[in-house]
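Take a look at the structure set out below.
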Amino acid sequence: MTEIAPVAAAPPLASVPLAEPFLGAEERALVLQCLDDNCVSSVGPFVGRFEEEFARLVGARHAVACASGTAALHLAAVSLGLGQDDEVWAPTFTFAATVNPFLYERCRIVLFDSEPETWNVDSELMLAELSQRRRSGRGLPRAIVVAHIYGHPARLTDLAATCRKLGIVLIEDACEAVNAFWIGRAYERRHVGSVGDAGCFSFNGNKLITSGGGGMLVTDSDDLARLARHLSTQARIPGAAYWHDRAGYNYRLTNIAAALGLGQLRLLPEIQARKRIIVERYAASLRGLPGIVPPPRFPWALANDWLFTVLVDATRFGAGRDVLLAHLAKKKIDVRPTWTPLHTLPYLRGCPFIGGAVALGLAATGLSLPSSAGLTEQQQARVIAALRELAADTAHAE
Ligand SMILES: *Cc1c(COP(=O)(O)O)cnc(C)c1O
């Protein structure tokens, strides 16, 4: 087993932040309305409106607002009936919250490697493993979780069709992928999260849009939406006093958070436009920096440009990822290494891992650059200059 040491996080007082909230006048007005109406908790008009508008964006029949993306994934797991010893397949190269909710339910996780093109889980590898399981008569997984990391849609067409055919539950972790679409022939302009049995989104402070903290479960199933909503509100039977039919959760979003989220949804076109400009500027300046490999882009996918994440080819650039991380951190530029593959984390080492070293490579060479919608041209120029500096330094040193 390859040992991976923890990589230090960025300094707390970065002068160029990684991913800050970008708020407009509408958020302010809506939140003030919550204060004026004394509707700051779960009672109030905004949760329902946020759900309706979000369902429309995604093109799903239902959206159930909840306290976080992790809560949305947990509600999906429980509502879809996953439990003790159910096998769940998941990517290794993702944020840990993709798998944790399934561990809460004592599922058995099997982790899969990434595909080098999109960095998302290698769905061909999953399909190959499924055929092998069928041939050998070994059992199939109960569920597959796919994540759309860094806001880039995963290749899902064949895997989704196979899951449907074999009766395997498909859950999309779209926590990083609000406003990301498939635009290929198979899914003509379809929002990610709308293909699986459930799609889960996060409105954490560092995501594309934020409600301060919050999440959303989307689904086309009336039953699933009803159950998820019921479980998120302590499994309380409406109309009866303190009558609960099972052990529920307190996962409901507050009215004040929903107000913020609703304002952000209305600002989404502006946030997205700003992100596109930031990405174009990075892409243009990186063309002159050999060895800094831009993030994946494909004609079939419309990524949301959440975090501009590059791979550092140490030989061509002249310095490795960790040298770059340290250099940028010293300049108070907030950067992050890419995810630590989950199969290398001590608490997940008992999970079988299928694949090779693609995720390990991505983890060793990947770097997310400051990508806030509010990033100024000057701030971005500082980031690019710092990158150039190191390339130049290294060249001089040779
Ligand atoms: C952020 C994130 C989550 C969890 O969302 P929270 O709202 O922070 O709980 C889950 N999965 C992925 C891939 C994420 O990036």
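Both counts, for ligands and for their atoms, begin at 1 and track the order of listing.
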Pair W119 and H148, ring centroids less than 6.0 Å apart: no
Taking N or O atoms only and a 3.5 Å limit, does [X] qualify as a polar contact for ligand 1?
X    : answer
T70  : yes
G69  : yes
E176 : yes
W339 : no

Check: R321 and L311 side chains under 4.5 Å, non-hydrogen atoms: no
Which ligand 1 atoms, with their elements, are less than 4.0 angstrom from a heavy-atom of [X]?
X    : result
C175 : 2 (C), 3 (C), 10 (C), 11 (N), 12 (C), 14 (C)
A97  : 3 (C), 4 (C), 10 (C)
S68  : 7 (O), 9 (O)
T98  : 11 (N), 13 (C)

Pairing residues for S42 by the side chain to side chain donor-acceptor pair (under 3.5 Å) criterion, not counting sequence neighbours: none
Exceeds 12 heavy-atom contacts within 6.0 angstrom, atom CD of Q84: yes
N/O donor to acceptor pairs below 3.5 angstrom from side-chain atoms of residues 238-261, sequence neighbours left out:
residue, atom, partner, partner atom, Å
H244, ND1, Q234, O, 2.8
D245, OD1, H230, NE2, 2.7
D245, OD2, H230, NE2, 3.3
Y251, OH, H74, ND1, 2.8
R252, NH1, E51, OE2, 3.1
R252, NH1, A65, O, 3.0
R252, NH2, E51, OE2, 3.4
T254, OG1, A257, N, 3.1
N255, OD1, F46, N, 2.8
N255, ND2, C39, O, 2.7

Parallel, tilted or perpendicular, as decided by the 30° and 60° cut-offs, for the rings of F308 and Y282: parallel
Aromatic plane relationship, F298 with H152 - under 30° parallel, 30 to 60° tilted, over 60° perpendicular: perpendicular
Closest protein heavy atom to atom 8 (O) of ligand 1, given as residue, atom name and distance to 0.1 Å: N204 ND2, 3.5 Å
Identity and distance of the protein heavy atom lying nearest atom 2 (C) of ligand 1: K207 NZ, 2.7 Å
Nearest candidate to atom 11 (N) of ligand 1, where distance is taken over non-hydrogen atoms, out of D173, N206, T94, N100: D173
contact_flag H148 ligand 1 heavy-atom lt 4.0 Å: no
R226/S221 under side-chain hydrogen bond (donor to acceptor under 3.5 Å, both in side chains): CA gap, chis, key distance, verdict: CA-CA 9 Å; R226 200 177 310 115; S221 156; over 6 Å; no
